[in-house]
Novice: 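Mind looking over this structure? Questions follow.
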Amino acid sequence: MKILAVVVTAILLAWPHAASAQIKVLMSGGFSAAYEQLLPEFERTSGIKVTTGSGASQGTGPQTIGGQLSSGATADVVILSREGLEELVAAKRIATGTDVNLARVGLGVAVRAGTPKPDVSTVEAFKKANGRKMRGFDAPAACIACVVAATEKPFDEGMKFEREQFMKLMTGTQSAAQRHIFFAERQAAKIDGIASDIALRPINRVGVIGAGTMGGGISMNFLSAGIAVTIVEMQQEALDRGTGVMRKNYEASAAKGRIKPDAPDQAMGLLKPTLNLEDLADCDLIIEAVYENMEVKKEIFGKLDKIAKPGAILASNTSYLDIDEIAASTSRPQDVLGMHFFSPANVMKLLEIVRGAKTADDVLATAMALAKKIKKVAVVAGVTYGFIGNRMLMPRQVEANKLLMEGATPEQIDRVHVEFGMPMGPFQMSDLAGVDIGWHRDPNRIESIRDALAAEGRWGQKKQAGYYDYDEKRNPTPSPRVAEIIEDFRSRSNMPKREITDQEIVERTLYPMVNEGALILEEGKAQRASDVDVVWIYGYGWPVYRGGPMFWAQTEGYDKVVAGLEKHGFKVADTLKAGTIK
């Protein structure tokens with residue numbers, strides 16, 4: 001650092017017109033008390049006035065010592081450490097009277113030469129390369145504009161432009177939305193009515209029933225956290241396939257450098273695969289992850305009631321079904337709750353923890369604490385069909401299907417949702433999940449557009465045909481066959497085709513979600529409106545810059561949302577109509 005400081009001093013002394021140049025070094029307020037003590041001495045010994053300020057982008061493109069300096073260019077000295085400042089104070093060799101802004105950006109000392117003019121193609125290439133990550137956000141575009149301004153404007157004008165951009169962002173809706181989610185996530189971890197110091201049940205081994213996509217993903221969460229897992233399947237082939245996928249997932253992560261090379265063996269070493277349900281007897285938590293059938297789940301829980309040790313927590317990964325009905329199939333309903341993971345379970349952060357009518361407080365608190373240990377964002381939900389997220393999803397899908405019949409196309413409806421900021425629209429999501437999910441499996445029973453698609457084997461991306469046609473890389477294109485099916489249903493229903501506006505799609509698919517969220521809150525099935533927002537941000541890809549559906553409704557204006565709902569004949573929740581959602 002001493003050498004760097006001396007070199008900087010030498011450069012300044014040797015630089016033509018150095019004494020009269022505006023040598024500006026930025027300080028954004030990041031100095032410690034030690035720096036503050038040095039500043040008066042620096043000013044006294046050098047005769048240089050030191051000022052503070054922001055302007056990080058206006059100091060972009062610093063060249064390290066030894067870089068080329070343009071002759072006669074205005075220089076910015078960037079002092080990036082206490083040692084560098086101390087050396088300049090000690091040197092006492094900077095020309096007196098020079099106005100200097102002092103800034104710490106990192107470590108070391110650097111000199112910025114005259115900034116080169118922007119390469120438009122480079123800027124555009126950067127935007128294109130990062131377009132997906134930046135889509136919908138205001139801040140990245142503003143940052144790019146500030147960097148470009150630093151190369152085109154005089155320093156003071158660049159500083160002014162950056163300040164304007166900063167204030168616009170800071171006071172904007174997107175900033176408020178993201179701050180809202182920051183605090184909402186932390187609030188969601190708090191359980192109303194339960195003491196924060198309640199004794200938790202120990203969880204040393206977890207049992208998972210089912211080694212399919214969900215069961216395997218759920219197991220990986222615990223294995224990655226160092227918790228032993230016993231995984232149960234009915235057939236050896238299914239068990240081998242499931243554990244094989246888990247290992248491949250770990251090995252792929254290790255190959256990409258996301259985990260240590262020995263992490264796959266460590267994780268899989270904690271796994272005990274078995275075909276015997278009785279092997280779950282020593283588990284502290286058992287999670288059922290079989291398909292959505294109430295009778296099957298009740299049968300499993302009846303068996304677990306006899307196998308599981310006293311005090312073991314019994315959880316269902318059901319996405320919709322009644323946890324109280326499942327719990328009633330046991331003699332210990334106080335130990336039963338829902339743990340709804342989202343697919344892929346080893347990736348998605350959200351975990352809806354469903355509190356049954358008889359779920360014990362320590363069971364709920366233990367599940368919430370465990371969620372944090374496996375790096376999930378957990379939200380408490382009450383027993384209602386679909387819980388929070390899926391219940392709100394249902395009215396959107398109902399209206400999307402109605403809009404198809406009235407004249408909209410799958411691509412128009414999906415486009416509106418993507419432009420809003422969602423990762424995909426309702427029909428893209430259906431193709432991804434599988435059009436056949438929940439289908440009655442009778443190809444002769446055609447009661448809806450989805451039935452017609454499923455009966456023809458148009459099951460989505462996995463079949464390269466669903467609401468869209470797909471190529472070998474799963475790129476979608478509008479399907480003429482789907483258009484024919486929709487037109488056939490419309491004709492048979494004697495429903496006239498009409499023009500559907502994008503705004504109507506918003507009013508009939510997004511506004512009903514807000515309304516359903518308000519009803520969920522009124523019924524006490526969610527603790528707070530911000531919990532609803534957390535569910536949709538982390539479980540369904542709601543754009544974080546809109547803050548979640550309940551926050552968005554507030555920024556959109558409750559009166560506007562209510563008017564849109566009433567225009568289309570929806571019964572509006574009382575709290576939404578009154579603007580008292582909490």
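Below, each value reflects all heavy atoms present in this structure, side chains not excepted, and no hydrogens, waters or symmetry copies.
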Novice: Sequence neighbours excluded and cut-off under 3.5 Å, please list the side-chain donor-acceptor pairs for residues 337-346, or say none.
Specialist:
from, atom 1, to, atom 2, distance (Å)
His340, ND1, Glu352, OE1, 2.8
His340, NE2, Ser319, OG, 3.2

Novice: Charged N to carboxylate O below 4.0 Å: is that the case for Asp305 and Arg332?
Specialist: yes

Novice: Looking only at side chains, do Thr509 and Glu399 share a donor and an acceptor under 3.5 Å apart?
Specialist: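 The answer is no; no qualifying pair exists.
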
Novice: Within the 4.5 Å heavy-atom criterion, are Glu523 and Leu519 side-chain neighbours or not?
Specialist: yes

Novice: Is it true that Arg247 and Glu251 have a side-chain N and a carboxylate O under 4.0 angstrom from each other?
Specialist: yes

Novice: Side-chain contact, heavy-atom cut-off 4.5 Å: Lys525 with Phe387?
Specialist: no

Novice: Pairs in or reaching into residues 210-233: which pass salt bridge (charged side-chain N to carboxylate O under 4.0 Å, His left out), with residues at least two apart or in two chains?
Specialist: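 Every candidate salt bridge (charged side-chain N to carboxylate O under 4.0 Å, His left out) pair involving residues 210-233 fails, so no pair, neighbours aside, qualifies.
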
Novice: Run the side-chain hydrogen bond (donor to acceptor under 3.5 Å, both in side chains) test on Tyr540 and Asn390 for me, step by step, so that the C-alpha distance in whole Å, both residues' side-chain angles and the decisive distance to 0.1 Å come before the verdict.
Specialist: CA-CA 9 Å; Tyr540 298 86; Asn390 283 343; 2.8 Å; yes

Novice: Test Ser224 against Tyr250 for side-chain hydrogen bond (donor to acceptor under 3.5 Å, both in side chains), laying out the working first.
Specialist: CA-CA 9 Å; Ser224 298; Tyr250 276 123; 2.9 Å; yes

Novice: Can you list the steps and then say if Val482 with Ile486 is a side-chain contact (heavy atoms from CB on, under 4.5 Å)?
Specialist: CA-CA 6 Å; Val482 172; Ile486 295 172; 3.8 Å; yes

Novice: Less than 4.5 Å apart, side chain to side chain, heavy atoms only: is that true for Met392 and Val532?
Specialist: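 Counting from C-beta outward, Met392 and Val532 do come under 4.5 Å.
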
Novice: In terms of side-chain geometry, is the basic nitrogen of Arg415 or Asp502 positioned less than 4.0 Å from the acidic oxygen of its partner?
Specialist: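 So Arg415 pairs with Asp502 through a salt bridge.
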
Novice: Could you check whether Arg528 pairs with Asp531 (Lys NZ or Arg NE/NH1/NH2 to Asp/Glu carboxylate O, under 4.0 Å)?
Specialist: yes

Novice: Looking at Asp361 and Arg355, is there a salt bridge between them, counting it only when a charged N and a carboxylate O are closer than 4.0 Å?
Specialist: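 Salt bridge: yes.
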
Novice: Distance only, no hydrogens: is a donor on one side chain within 3.5 Å (strictly under) of an acceptor on the other, for Thr359 and Gln334?
Specialist: no

Novice: Would you call Arg508-Glu406 a salt bridge at under 4.0 Å N-O?
Specialist: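 A salt bridge is present here (some side-chain N lies under 4.0 Å from a carboxylate O).
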
Novice: So that I can tick it off, tell me whether Asp322 and Lys298 are bridged by a salt bridge, with the cut-off set at under 4.0 angstrom between side-chain N and carboxylate O.
Specialist: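 A salt bridge is absent here (no side-chain N lies under 4.0 Å from a carboxylate O).
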
Novice: Take atom CD in Glu237; do more than 12 heavy atoms of anything else shown fall under 6.0 Å from it?
Specialist: no

Novice: Run the numbers on Phe551 and Trp542 for ring pair (Phe, Tyr, Trp, His ring centres under 6.0 Å), then give the verdict.
Specialist: CA-CA 11 Å; Phe551 181 90; Trp542 187 280; over 10 Å; no

Novice: Within the supplied structure, the quantity of interest is the number of heavy atoms (other residues, nucleotides, ligands) at a distance under 6.0 Å from Met234 CE; does it exceed 12?
Specialist: no

Novice: Compute both the distance and the angle, then confirm whether Arg450 meets the cation-pi test with Trp459: under 6.0 Å from the six-membered ring centre, within 45 degrees of the axis.
Specialist: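 Ring-cation test returns no.
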
Novice: In sequence, state the C-alpha distance, the side-chain angles, and the governing distance for Leu271 and Leu223, and then conclude on side-chain contact (heavy atoms from CB on, under 4.5 Å).
Specialist: CA-CA 7 Å; Leu271 183 66; Leu223 295 174; 4.2 Å; yes

Novice: Is a side-chain donor-acceptor pair under 3.5 Å present for Glu411 with Tyr467?
Specialist: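 Checked: Tyr467/Glu411 side chains show no N/O donor-acceptor pair below 3.5 Å.
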
Novice: Please evaluate residues Arg201 and Asp335 with respect to the criterion salt bridge (charged side-chain N to carboxylate O under 4.0 Å, His left out), reporting the C-alpha separation (whole Å), side-chain torsions for both, the decisive distance (0.1 Å), and the verdict.
Specialist: CA-CA 11 Å; Arg201 299 191 185 187; Asp335 294 335; 2.9 Å; yes

Novice: Between Asp436 and Lys462, is the salt bridge (charged side-chain N to carboxylate O under 4.0 Å, His left out) condition met? List the steps.
Specialist: CA-CA 11 Å; Asp436 60 316; Lys462 59 190 174 186; 2.9 Å; yes

Novice: Have Gln187 and Ser530 got a donor and an acceptor in their side chains that come within less than 3.5 Å?
Specialist: no

Novice: Got Val418 and Arg135 here, is their nearest side-chain heavy-atom distance under 4.5 Å?
Specialist: yes

Novice: Less than 4.0 Å between a side-chain N and a carboxylate O, is that true for Glu295 and Lys297?
Specialist: no

Novice: Atom CD1 in Ile307, atom CG in Leu280: separation rounded to 0.5 Å?
Specialist: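 The distance works out to 6.5 Å.
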
Novice: Any chance you could lay out the side-chain hydrogen bond (donor to acceptor under 3.5 Å, both in side chains) test for Ser479 and Arg458, step after step, and finish with the verdict?
Specialist: CA-CA 11 Å; Ser479 172; Arg458 300 185 67 92; 3.0 Å; yes

Novice: Between Arg481 and Asp469, does any side-chain N to carboxylate O distance fall below 4.0 Å?
Specialist: no

Novice: For Gln174 and Gln178, does a side-chain donor sit closer than 3.5 Å to a side-chain acceptor?
Specialist: no

